[in-house]
Amino acid sequence: MSSKVLDKGYEPRQVERHWYAFWEREGHFAAADSDGRPAFSIVIPPPNVTGVLHMGHALNNTLQDILCRYHRLKGHNVLWMPGTDHAGIATQNVVERQLAAEGRDRHSLGREKFIEAVWQWREKSGSAIINQLKRLGASCDWQRERFTMDEGLSLAVRTVFVQLYEQGLIYRGLYITNWCPRCRTALSDLEVEHEELDGHLYRIRYPFARGEGGLVVATTRPETMLGDTAVAVHPEDERYADLPADSVILPLVETEIPIIRDTYVDRAFGTGALKVTPAHDPNDFELGRRHDLPSNKVIADDGTMTPAAGRFQGMDRFACREAVVAALRERGLLLGMEPHKHGVGHCYRCKSVVEPNLSRQWFVKVKPLAEPAIRAVENGDTRIIPESWAKTYFDWMYNIKDWCISRQIWWGHQIPAWTCGACAQLTVAMETPARCPACGGSDLTQETDVLDTWFSSALWPFSTMGWPEQTLLLKTFYPTSVLVTGFDILFFWVARMMMMGLHFMGEVPFRDVYVHALVRDEEGKKMSKSKGNVIDPLDVIDTYGTDAFRYTLAAFAAQGRDVRLSEKRVEGYRHFINKLWNAARFALMHLERGYDAGDPAAAPALPDRWILARLRRTVAQVAEALDTYKFNEAAGAAYQFVWHEFCDWYLEAAKPALYGEDAPEAREASRRVLWHVLRDTLVLLHPFAPFVTEEIWDKLPGTSGSIMQAAFPAAADAGDDTPTEAETQMALVMSLVTAIRNVRGEMNIAPAAQLHVTVQSADEAVRAVVAQRRAIVINLARLADVTVGAPGERSATAATAIVGDCELLVELKGVIDFAQEAQRLEKELGKLNKDLSAINKKLNNDSFLEKAPPAVVAEVKEKQALLSEKQDKLNATLARVTAFQRQG
RNA sequence: GGGCGGGUAGCUCAGUCGGGAGAGCACCGGCCUUACAAGCCGGGGGUCACAGGUUCAAGCCCUGUUCCGCCUACCA
């Protein structure tokens, strides 16, 4: 990058490509397995290999990158561990769809060939999201990229499975699980999304086997009645104390099923009689166990009716519902059909209605694992931020249920369990056993099910670092410093990592969990393809640049609040990036002929000392905010400093010195400060806007290497709020300038008009400061001159403004008309009176004077004195102006 | 059913320890002032959802009401 002069506007595209390649090439993202520096580590929430970058990823990874870059600047050994998740069901669906397009399906292909096809697909398309993360500027240690299906992680999965099995924490059994008939697999409770749907509550009469009448049951899923094996009533329900029979005839099926009595039944619901379908309802399943009822599976795994459904066999479950209802109606057994809202489970991958279904599945016994994970958060080993999420975490963990981990799909970690063909003995082992340990038979077949994808993600913080080997990497970086994630996977992932980490590493997986919000559209709606309100992060990056986009995300990432994103907002931050660019452009014009890295504190000029003080304070604010995950505050503080202090005031105030050919020494001093402040500002901003800061860094004389290797600037002392002398003086100068500009604006005085201003103050020290800083005021307020003096003669033709205890007289003779000035003063007085009456009300209140802390009372009194003095002065001026106006 | 979060300027949102209501955008007025018109200078704009309470003092603490959003749950 040869030219030292910057272009007029910042053009991100080329710059981003260039510097990202540079960083990667130079190994700036690489962590050391171990060195003397303090370690900082984050494991990325692995995106699905099938994924494309969406706003959620963009926010999530921007925040992680900000933290990683910040900690590198602070001199830490940073590991940001990247990788992707094999996303069992999702990936299988993608490849199956591809096959379907070619008129094939996985069954015709066979398991082995299908898995090969998935791997091929991954080779081809699986890294798309990685490249998209790179465009976001993500500084992951790509050399270490992992995949949940790669060899090392598969070994970790197998090791964990075998150990948990041997510890009795994994078991297999016939249970009711959530079944997706489309994906044809079991799902965990978490993978079911509940949606309130309008359905019907059907009331059906089951005639008594003997005698008159029958029991009336209520159901929302009448098709399941074909699998009923009992009817239940409450044992203390008087309505059913005396029944003519102890069994009923199941309509349509025409078999006799028992009436059982169980306290589970809610007497208040419906008729108080409950049909029991152990094969298709989790509660009924429990009831069936208690009462030793048979299970009759009438809905098959593909969602059609089984032979057990008799003449309904082969019918789709929803068509069957209609058919059953029609048949019942025909027989006069349908007694009612009321509209009824109920929660219906849907598959989180394909949105099909989930069917509770009886099948043999593998489970993790979670309670023993959950207890330490609860304790770790309770005692602060892991902090959840914001804290409100800890409650959600506890609620779930305390009520946790066993985790169904087997999936009837092909893409995933096949369960390392084998069944003996001879003696049916089940063997769980790391490697394929040669012989059955029970009978010595060699006819062993492996379990066909694979594990839930989240089973392998649960190991992510340590499996990626080489576990089960005890690697140096683990020693250096586990537990990780912080996990940055969205709340939508708090249970799916975070809770499970906590459990597995504690169980297998004996240590929490992360010190902090920072839970960020969701990115929504500008109306606060969740972005979704079906709504068509999706903003593609890559489009945003193309249009506005990565830095502007990242800054927007950071600026809106307030804790506990969703990010509402619109392109309009990104545009605003593009202006900010451009502002920085132009400030640098200006600075480089003054630095290209040499710079001086000497001690900036040697600079005596007020604006110089002021901006240095402000910089140190801003650095402290940004650091404090980042240390507490308040990204919006960090971004806000830096923005405010760059735009409204550095650009608006410092650069303007420094111009006379920088352009001043006649005072080389002052000029050098200013250059020195300009160089230091710009350099430190770039470093301060680098975590948020990595590209533009690197580009300017490169052009800035006196820097070498990458800005990524720079040191985070020195901060003001924490907690020291006392303004420096420079800050106090500059504050006075700034309010004088603002007051004069205000007069100009309100009175429509031409910008070119060179005004004469008198500043009067009773305070000699103040007068001294104003006199000393006169040149700055003249320059920034565009004046002819400033006269400083004690209160005394006032021009009757001057506009007045009060700043602190200074009275400012802006001579208007020949500049404007005085009716306007009178109007302006009246307006000003109106505002003042409002403020004063509020304050006087306080001071007239005896209990305030008695009970409020003396410091507060003194403050209010001081304020009152100040305002009323201002009021007096303005009134006097108004009188003068009015008089002058009358005279003509 | 249970839980959580939110309601502050036209819009999107900050607001720390209870002590004079802020920012960005939008709007109005004035400026091509030699880094930047993607800019500069100035300005207007609020019943802090509603009702009550605690307090000398409430956007902030407490109670209730209401509206919105989300999570969670085996009442068929």
Side-chain angles (χ1 to χ4, degrees), chain A residues 6 8-10 176 189 194 201-202 217-221 224 232 264-266 268-271 273-277 281-286 340 342-343 356 386 388-389 391-392 395-396 399 487-488 490-491 517-518 520 522-526 544 548 555-556 558 560-566 568-569 571-590 630 632-633 636 639-640 644 647-648 651-652 655 659 738 741-752 781-782 835 838-839 842 845-853 855-857 859-860 863 867:
Chain A
L6 302 184
K8 203 164 169 181
Y10 173 59
I176 286 272
D189 295 341
H194 290 273
L201 189 63
Y202 303 87
V217 302
T219 181
T220 53
R221 296 187 299 151
T224 63
Y264 166 75
V265 178
D266 178 359
F269 189 91
T271 59
L274 170 70
K275 63 189 270 310
V276 182
T277 326
D281 184 280
N283 299 303
D284 294 7
F285 177 75
E286 288 304 319
H340 184 73
H342 60 143
S388 56
W389 287 108
K391 193 175 158 41
T392 311
D395 283 352
W396 190 70
N399 300 311
F487 59 77
D488 47 334
L490 192 60
F491 306 141
L518 247 51
R520 299 173 177 281
E522 54 190 320
E523 279 150 20
K525 295 198 185 106
K526 209 166 161 172
Y544 301 98
F556 281 91
R561 179 102 59 163
D562 287 344
V563 177
R564 292 196 189 192
L565 194 84
S566 76
K568 196 92 187 232
R569 274 161 219 148
E571 196 181 345
Y573 286 96
R574 177 175 63 171
H575 295 175
F576 173 67
I577 299 297
N578 197 53
K579 186 76 180 175
L580 173 70
W581 178 260
N582 277 293
R585 185 166 179 258
F586 171 80
L588 289 178
M589 287 174 179
H590 292 278
K630 292 177 178 166
N632 60 323
E633 289 182 15
Y639 181 101
Q640 163 71 23
H644 298 302
C647 291
D648 286 353
L651 292 184
E652 295 305 324
K655 272 177 185 174
Y659 282 111
T738 303
R741 285 172 175 171
N742 176 291
V743 170
R744 284 197 112 108
E746 295 278 289
M747 313 287 296
N748 289 323
I749 299 170
R782 300 169 143 256
D835 288 353
I839 282 185
K842 255 188 196 181
N845 182 346
D846 288 340
S847 49
F848 171 75
L849 297 174
E850 274 168 40
K851 297 186 182 174
V856 172
V857 176
E859 206 177 302
V860 174
K863 182 83 189 173
L867 289 186

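Everything quoted here is computed from the prediction, not taken from an experiment. Proteins come first, then strands; the chains are lettered A, B, ... in the order of their sequence lines, and each starts at number 1.
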RNA chain B: 5'-proximal contact among A:N632 and A:G343 (nearest heavy atom): A:N632
Base-pairing assignment for B:C40 (Watson-Crick or G-U wobble, both under 3.5 Å): B:G30
Distance flag, aromatic centroids of A:H590 and A:Y659, threshold under 6.0 Å: yes
Touch class at under 4.0 angstrom, heavy-atom based, for A:P356 against every strand present: nothing
Minimum heavy-atom distance between A:T277 and A:D284, given as atom pair plus value: N-OD2, 2.7 Å
Sugar-phosphate, base or nothing in reach of A:T219, heavy atoms under 4.0 Å: sugar-phosphate
Pair A:R741-A:R782, side chain to side chain contact (heavy atoms under 4.5 Å, CB included): steps then yes or no: CA-CA 9 Å; A:R741 285 172 175 171; A:R782 300 169 143 256; over 6 Å; no
Phosphate OP1/OP2 of B:C40 contacted by A:K579 side-chain N/O (<4.0 Å): yes
A:F556 backbone acceptor or donor facing A:R569 side chain under 3.5 Å: no
Which nucleotide in B:G39, B:G3, B:C36 has an atom nearest any side-chain atom of A:D395: B:G3
Partner residues of A:D266 under the side chain to side chain contact (heavy atoms under 4.5 Å, CB included) criterion, sequence neighbours left out: A:A268, A:F269
B:U54 pairs with, by Watson-Crick or G-U criteria that keep both distances under 3.5 Å: none
Separation of atom CG in A:D284 from atom P in B:C74, rounded to whole Å: 14 Å
Distance between P atoms of B:G53 and B:A26 (Å, rounded): 43 Å
For B:U65, the Watson-Crick or wobble counterpart (both distances under 3.5 Å): B:A49
Nucleotide paired to B:G59 in any strand shown, Watson-Crick or G-U, under 3.5 Å: none
Selection from B:C56, B:G15, B:C36 that lies nearest to any side-chain heavy atom of A:K851: B:C56
Closest listed nucleotide, where the reference is the side chain of A:R574 and the choices are B:A38, B:G3, B:G24: B:A38
N or O in side chain of A:K655 less than 4.0 angstrom from B:A35 OP1/OP2: yes
Sugar-phosphate, base or nothing in reach of A:R782, heavy atoms under 4.0 Å: base
Spacing of CG belonging to A:L201 relative to CZ belonging to A:R221, to within rounding of 0.5 Å: 13.0 Å
Quiz item: A:K568 side-chain donor-acceptor pair to B:C25 base, under 3.5 Å: no
Sugar-phosphate, base or nothing in reach of A:Y264, heavy atoms under 4.0 Å: base
Nearest-neighbour nucleotide for the A:F491 side chain, B:C41, B:A73, B:C71 considered: B:C71
Within the 6.0 Å centroid threshold, strictly below: A:Y639 and A:Y573: yes
Among B:U12, B:C4, B:A35, the one nearest A:K391 by side-chain distance: B:C4
Closest to side chain of A:A218, choosing from B:A76, B:G15, B:U12: B:A76
Complementary nucleotide for B:A9 - Watson-Crick or wobble, under 3.5 Å: none
Integer angstrom distance from the C1' of B:G15 to that of B:A23: 10 Å
B:G24 OP1/OP2 closer than 4.0 Å to side-chain N/O of A:H644: yes
Rounded distance in Å between the C1' positions of B:A9 and B:C61: 26 Å
Partner nucleotide of B:C74 by Watson-Crick or wobble geometry (both distances under 3.5 Å): none
Point-to-point distance, once rounded to the nearest 0.5 Å, from OG1 of A:T224 to NZ of A:K275: 2.5 Å
Rounded distance in Å - CD (A:E571) to P (B:C11): 20 Å
Partner nucleotide, any strand, of B:A14 [Watson-Crick/G-U, under 3.5 Å]: none
Nucleotide nearest A:S847 when distance is taken to its side chain, options B:C56, B:A35, B:G24: B:C56
Sugar-phosphate, base or nothing in reach of A:Q640, heavy atoms under 4.0 Å: nothing
Touch class at under 4.0 angstrom, heavy-atom based, for A:D648 against every strand present: sugar-phosphate
A:H342 side chain near B:A76 phosphate (N/O to OP1/OP2, under 4.0 Å): no
Atom pairs under 3.5 Å, N or O on each side, protein against nucleotides 42-44 of chain B: can you list them with distances?
{"unit_1": "B:G43", "atom_1": "OP1", "unit_2": "A:N742", "atom_2": "ND2", "d": "2.8"}
{"unit_1": "B:G44", "atom_1": "OP1", "unit_2": "A:K831", "atom_2": "NZ", "d": "3.1"}

